[in-house]
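Heads up, the thing below is written out as structure tokens.
Fair warning: this is a prediction, and the values are worked out from it, not measured in the lab. All ligand and atom numbering here is 1-based and tracks the order in the structure.
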Amino acid sequence: MSQTRKQIVSNVRKALIKIGTGVLAGTDGLDLSIVEQLVDEMVELRAGGMQIVIVTSGAIASGKHRMGITGKLKSMPQKQACAAIGQGRLMRIYSNAFGRHSVYVAQILLTMSDLTDRARYINIRNTLSTLMDWNIVPIINENDTVSVDEIKFGDNDHLAAMIANVIRADILINLTNTEGLFDRNPVGKQRARLIKIVHEITDEIESMATAEADPVGMGGMRSKVIAARKVTACGIPYIIARGKTKGILADVFAGKEKGTLFLPSAEPMTSREYWIAFTLRSRGKLILDDGAKNAIVTQGKSLLPSGITKVEGDFEVGDPVICIGTDGKAFAKGLVNYGSKDLVKIQGLKTAKIMQVLGYKDYDEVIHRDNMAVAKGSRKT
Ligand code: GLU
């Protein structure tokens, strides 16, 4: 048993558990016995004083089953319709399973745009914390009915990563249908080795995760590793483990080396930095010279117009944009004080010239440091 594991799990007071379709789906729609097995374990953890929040998939799978559809769904509206059919059943199964222990649940359906709007974000956070204060188990899924590309999380791995930050979880456990992250695709190739611990999410680690390793779920291992990058960046440990394994949660919380543990970043982002970096969709790009990049990355400075060599995209004041270095790599993201049309006019100029060129100067900085998230080590914006 590793000491690191033990230390991490023994500090957990609030756990976010993500349960994938691959775990819940049985031959007959949703597998009731698995839900009961996991719920019993979660109830046990709660009895030990832990708060539990769930992000669950399975609505589409359940709806498909109800409609007798076996193959792939052909269109987005079909997926949305299946989710609408299946969500009620999904909740009923959880509600009944927790009800056996007189524990009550609450349903929360979210889209990405609910989290990008700061006021809604706060409302979600307040609702979740009230539910937890009341000892209710919040059960979250994407609001598939209204989710189209622009406002979609894409997969519940991403949704769970965002929620981990909203509730400031002490750990995110992503239960899936494989044992964890393998050094190669375990389906078909025999000598795949389970990675027990990941200290830093390097490109090599990312390349071990293929998108299609999970035939039943949505995101595959790739989206789980991308989620790991986000979760660990905000200082939260993340474990990918096999949800169908009996006693998996008990084992994980006993510190046993189950699944893959991704260690949290030593320099975690603040909640606001995280919101800027991962929740907001960027509207444009600023290409910066080496001096500007250096000032931002190593000296903690704001971005001034003089360091900008190119402006890409059409964006307004307050929009999130990505900062790119001369090597073509993104290294920061922030909210701009000037729209793209004005930025094109002042790029490369000294701050003193802003007034002269634009006829106004609301700010010296193009992006103030307080409105910026900078990639450090394993972070990617
Ligand atoms: N929201 C979808 C469902 O409940 C799942 C999306 C996902 O697993 O990534 O079926």
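A salt bridge links Lys18 to Asp157: at least one charged side-chain nitrogen sits closer than 4.0 Å to a carboxylate oxygen.
Between Ala83 and ligand 1 there is no heavy-atom distance shorter than 4.0 Å.
Across Leu128 and Pro138, no two heavy atoms sit closer than the pair CD2-CB, 3.6 Å.
Inclusion of Gly154 in the set of residues having an N or O under 3.5 Å from an N or O of ligand 1 is not warranted. Geometrically, ligand 1 and Asp157 share no nitrogen or oxygen pair separated by less than 3.5 Å. Between Ala61 and ligand 1, no pair of N/O atoms sits closer than 3.5 Å. Remark: ligand 1 and Ser57 share an N or O pair separated by less than 3.5 Å (distance only, no angle test).
Contact annotation: for Asn141 versus ligand 1, heavy atoms closer than 4.0 Å belong to the side chain alone.
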Please assess Arg242 against Thr245 for the test side-chain hydrogen bond (donor to acceptor under 3.5 Å, both in side chains), listing each intermediate value before the final yes or no. CA-CA 6 Å; Arg242 186 171 179 275; Thr245 304; 3.0 Å; yes

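Ring pair Phe98/Tyr94 is parallel by interplanar angle, where below 30° counts as parallel and above 60° as perpendicular. Between Tyr338 and Tyr363, the ring planes lie perpendicular to each other; the angle is over 60°, past the 30° to 60° tilted range.
Among the candidates Lys152, Lys79, Gln80, Glu142, the single residue satisfying the side chain to side chain donor-acceptor pair (under 3.5 Å) test with Ser147 is Glu142.
In the hydrophobic clustering of ILVMFWY residues, with side-chain heavy atoms under 4.5 Å counting as a link, Leu249 and Ile140 come out apart.
Ligand 1 places these atoms under 4.0 Å from at least one heavy atom of Asp144: 1 (N), 2 (C), 3 (C). Using a 4.0 Å cut-off to heavy atoms of Ala59, the atoms of ligand 1 that qualify are 3 (C), 4 (O), 10 (O). Per-residue contacts place Asp155 under 4.0 angstrom from the following atoms of ligand 1 (heavy atoms of the residue considered): 9 (O).
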